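So the structure is just underneath, and the comments pick up after that.
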Amino acid sequence: MDDRLGALTDLLQQTPSEALWTALCEELAQWDPKALAQVMPHVQAQLERWPDEVERWADAGPLVTVQRVTGPAALKKLAQAGQPVRWLELRLGAVGERAVPGLVAGLQALQPHGLSLAVEEVDDGNGVAPLAELDAPRLRVLTIEAPGLGDAAAENIADNPKLTGLRRLSLAGSGLTSAGAKALAGAAHLASLGALDLADNKPGDAGLRALLQSPHLGRLTKLSLAGCGLGPKAAQLLAQSSAVARWTTLELAGNRLTAAGRAALAASPHLGEAVKRALPD
């Protein structure tokens, strides 16, 4: 183990690159679960030095294999195994109120870098309730698949100041309205958020205005509002906002922008040319 630990330490001292990420994945794949559990806190602490790079590398593949579990009992079993999980996909059916503390405890024990939470029961607020209590400082990527629960999920995230590390958040197709968008816009602890996916929701002009005027979303560079039923007024809001100047991605496909709205976006003094070229015709 000493030789392997030495090789791992040498890797972590190298200049960050995609090649390094690949080498780390290959190296950690050779560790047994018990040894991996001992060394992963050290690895994660080292990776905290390169948050932006890690986000890019992780798109190509997770550092540790994705774990997929269904239900509170399976989550508890995984947490008790003591094996670190970098990416967790958790699928929930009906969740009783009594199960919520167990979900929180399991997620906190695992401390994933990325979490995909799918709630199958429409309007089952218990499924997203753990988001209000979760203490997960290492959580960087959060994807919520919860039809009808977008506002509840957004409000729980906004009410939890312990989610300070989030860099990417997706609530696509969750039924989020202006209330959920306003909650996110008002959350000071989301200051590190760089990418927000609200596609196929109904944030409306009021929700969009709140996001654009938020004093907390200064690092946001990617926003998806595809399929949100937005019209020319939303296009005007985007075109006139200085907040969009730092954006590298703006997804607006499937909206009702009209010719006037598209013209306003094309003439915006704030939107970058690359972003304008990618906008729908």
Side-chain angles (χ1 to χ4, degrees), residues 52 55-60 114-118 140-151 153-154 157-158 166-185 187 190-214 216-281:
D52 296 332
E55 180 179 333
R56 293 198 301 271
W57 303 334
D59 286 335
L115 171 62
S116 175
L117 175 61
R140 296 291 181 268
V141 183
L142 177 59
T143 299
I144 307 296
E145 300 175 23
L149 292 172
D151 285 346
I157 293 167
L166 278 182
R167 303 285 167 77
R168 293 159 54 190
L169 173 62
S170 173
L171 288 159
S174 63
L176 178 137
T177 69
S178 61
K182 289 178 180 179
L184 295 174
L190 296 182
S192 294
L193 197 65
L196 179 60
D197 186 353
L198 300 181
D200 300 316
N201 285 302
K202 300 295 180 184
D205 296 336
L208 175 58
R209 182 182 294 106
L211 293 171
L212 292 171
Q213 295 179 350
S214 172
H216 311 303
L217 298 180
R219 295 188 181 180
L220 194 67
T221 60
K222 301 177 182 178
L223 177 64
S224 177
L225 295 169
C228 285
L230 298 172
K233 184 175 181 180
Q236 289 283 353
L237 289 172
L238 287 164
Q240 295 170 3
S241 174
S242 60
V244 305
R246 58 183 174 270
W247 293 1
T248 60
T249 302
L250 174 60
E251 298 178 358
L252 290 172
N255 287 290
R256 305 187 301 270
L257 301 179
T258 73
R262 290 191 292 272
L265 290 168
S268 171
H270 306 295
L271 276 174
E273 291 303 316
V275 175
K276 290 179 181 180
R277 287 194 296 270
L279 292 175
D281 295 330

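From a predicted model like this one, the values you see are computed outputs, not experimental measurements.
Counting only residues at least two apart or on different chains, no side chain to side chain donor-acceptor pair (under 3.5 Å) pair has a member in residues 204-214. Applying the side chain to side chain donor-acceptor pair (under 3.5 Å) definition to pairs two or more places apart or across chains, those involving residues 239-260 are S224-E251, Q236-Q240.
Each of L237, L220, L198 was compared with L211 under the side chain to side chain contact (heavy atoms under 4.5 Å, CB included) criterion, and only L198 meets it. For the side chain to side chain contact (heavy atoms under 4.5 Å, CB included) test with L171, the passing option among T143, L184, D197 is L184; the others fail.
A distance of 8.5 Å separates CG in L117 from CD in E145, rounded to the nearest 0.5 Å. Atoms SG and NZ, on C228 and K202 in that order, are 7.5 Å from each other to the nearest 0.5 Å. The CG atom of L279 lies 8.0 Å from the CG atom of L257; values are rounded to the nearest 0.5 Å. To the nearest 0.5 Å, the span separating CG on L212 from CG on L223 amounts to 8.0 Å. To the nearest 0.5 Å, atom CD1 of residue I144 and atom CG of residue L149 are 9.5 Å apart.
Here the side chains of L238 and L252 are in contact, with some heavy-atom distance below 4.5 Å. For the pair L271 and L265, the minimum side-chain heavy-atom distance is below 4.5 Å. Side-chain contact between I157 and L190 is present, with heavy atoms from C-beta onward closer than 4.5 Å.
In terms of heavy atoms, A185 sits closest to A210 at CB-O, 3.3 Å. Among all heavy-atom pairs drawn from R219 and S192, the shortest one is NH1-OG, 3.7 Å. Across all non-hydrogen atoms, the minimal contact from A187 to H216 is O-CB, 3.5 Å. A pairwise comparison of heavy atoms in A158 and A183 identifies CB-O, 3.3 Å as the closest pair. Of all heavy-atom pairs spanning P203 and A181, the tightest one is CB-CB, 4.3 Å.
Judged by distance alone, the side chain of K276 and the main-chain N or O of S268 form a donor-acceptor pair under 3.5 Å. Within the 3.5 Å criterion, the main-chain N or O of L176 finds no donor-acceptor partner in the side chain of D151.
Applying the side chain to side chain donor-acceptor pair (under 3.5 Å) rule to D200 yields no partners; only residues at least two apart in sequence or on another chain are considered.
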